[in-house]
Amino acid sequence: MDDADVTVQEGDPTCGDMIQLQLKIEDNVIEDVKFLSFGCAANIATGSALTEMVKGKTLGESKKVTMKDIKEEVGGLPPVKMHCAVLATRALESALKKAIEMYESGEGSESEPPD
């Protein structure tokens, strides 16, 4: 995404999976979200599910997404693949933290503080 407000990358050193998450935020709402997966099919599925779950939501609403929510959204994951839902959740948390820091430093374009 060329006009992303936030780009983060998270990885799992035990398996080598990585996810890059990009957010376009306008008026405290995630207007667009993209991901790039480096890993297994479960990593791709959880990244895709995450994007569908947060697009159109406020930063505050997006903060409430949990790894259990992502697991349920993809129809379940075997225990050995739960790290993929954890990785997607960590990427979201990092992106939201970065977005809030941008707002607080005056770099963000939002008129109201994120909830």
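Everything numeric here is computed off the predicted structure, so don't read it as measured data. Values below: all heavy atoms of this structure, side chains included; hydrogens, waters and symmetry mates excluded. If you read the sequence from its start, that first residue is 1, and numbering goes on from there.
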- Heavy atoms only: give me the nearest A95-L21 pair and the separation to one decimal. CB-CD2, 4.2 Å

- Message: Can you confirm whether I70 sits close enough to M53 that some side-chain heavy atom of one is under 4.5 Å from a side-chain heavy atom of the other?
- Response: yes

- Of L96, L59, T58, V33, the residue whose pairing with I25 passes side chain to side chain contact (heavy atoms under 4.5 Å, CB included): L59

- Note on the structure: The reported gap from CD1 in I30 to CG in N28 (rounded to nearest 0.5 angstrom) is 9.0 Å

- Interatomic spacing from SG in C40 to CG in D12 - rounded to 0.5 Å: 9.5 Å

- Query: Is V54 linked to F35 within one hydrophobic cluster, defined over Ile, Leu, Val, Met, Phe, Trp and Tyr using a side-chain heavy-atom separation of less than 4.5 Å?
  - Reply: yes

- Residues which pass salt bridge (Lys or Arg N to Asp or Glu O under 4.0 Å) with K55, listed by chain and number, not counting sequence neighbours: D32

- Message: Applying a strict under-4.5 Å side-chain criterion to I, L, V, M, F, W and Y, I'd like to know whether M67 and V8 cluster together.
- Response: no

- Query: At what distance, to the nearest 0.5 angstrom, does OG1 of T7 lie from NZ of K34?
  - Reply: 12.5 Å

- Task: Could you list the residues that satisfy side-chain contact (heavy atoms from CB on, under 4.5 Å) with E101, not counting sequence neighbours?
- Result: K97

- Message: Nearest 0.5 angstrom please: L23 CG to E31 CD, how far?
- Response: 11.5 Å

Without placing hydrogens or testing angles, list every side-chain donor-acceptor pair under 3.5 Å for residues 71-86, not counting sequence neighbours.
unit_1: H83; atom_1: ND1; unit_2: V80; atom_2: O; d: 3.1
unit_1: H83; atom_1: NE2; unit_2: D17; atom_2: OD2; d: 3.2

- Is there a side-chain contact between V29 and K57 (heavy atoms, below 4.5 Å)? no

- Message: Closer than 4.0 angstrom, basic N to acidic O: yes or no for R90 and E10?
- Response: yes

- Between CG of L36 and CD of Q22, what distance do you get to the nearest 0.5 Å? 8.0 Å

- Message: I want to check something: taking the side chain as every heavy atom from C-beta on, are T89 and T66 in contact at a cut-off of under 4.5 Å?
- Response: no

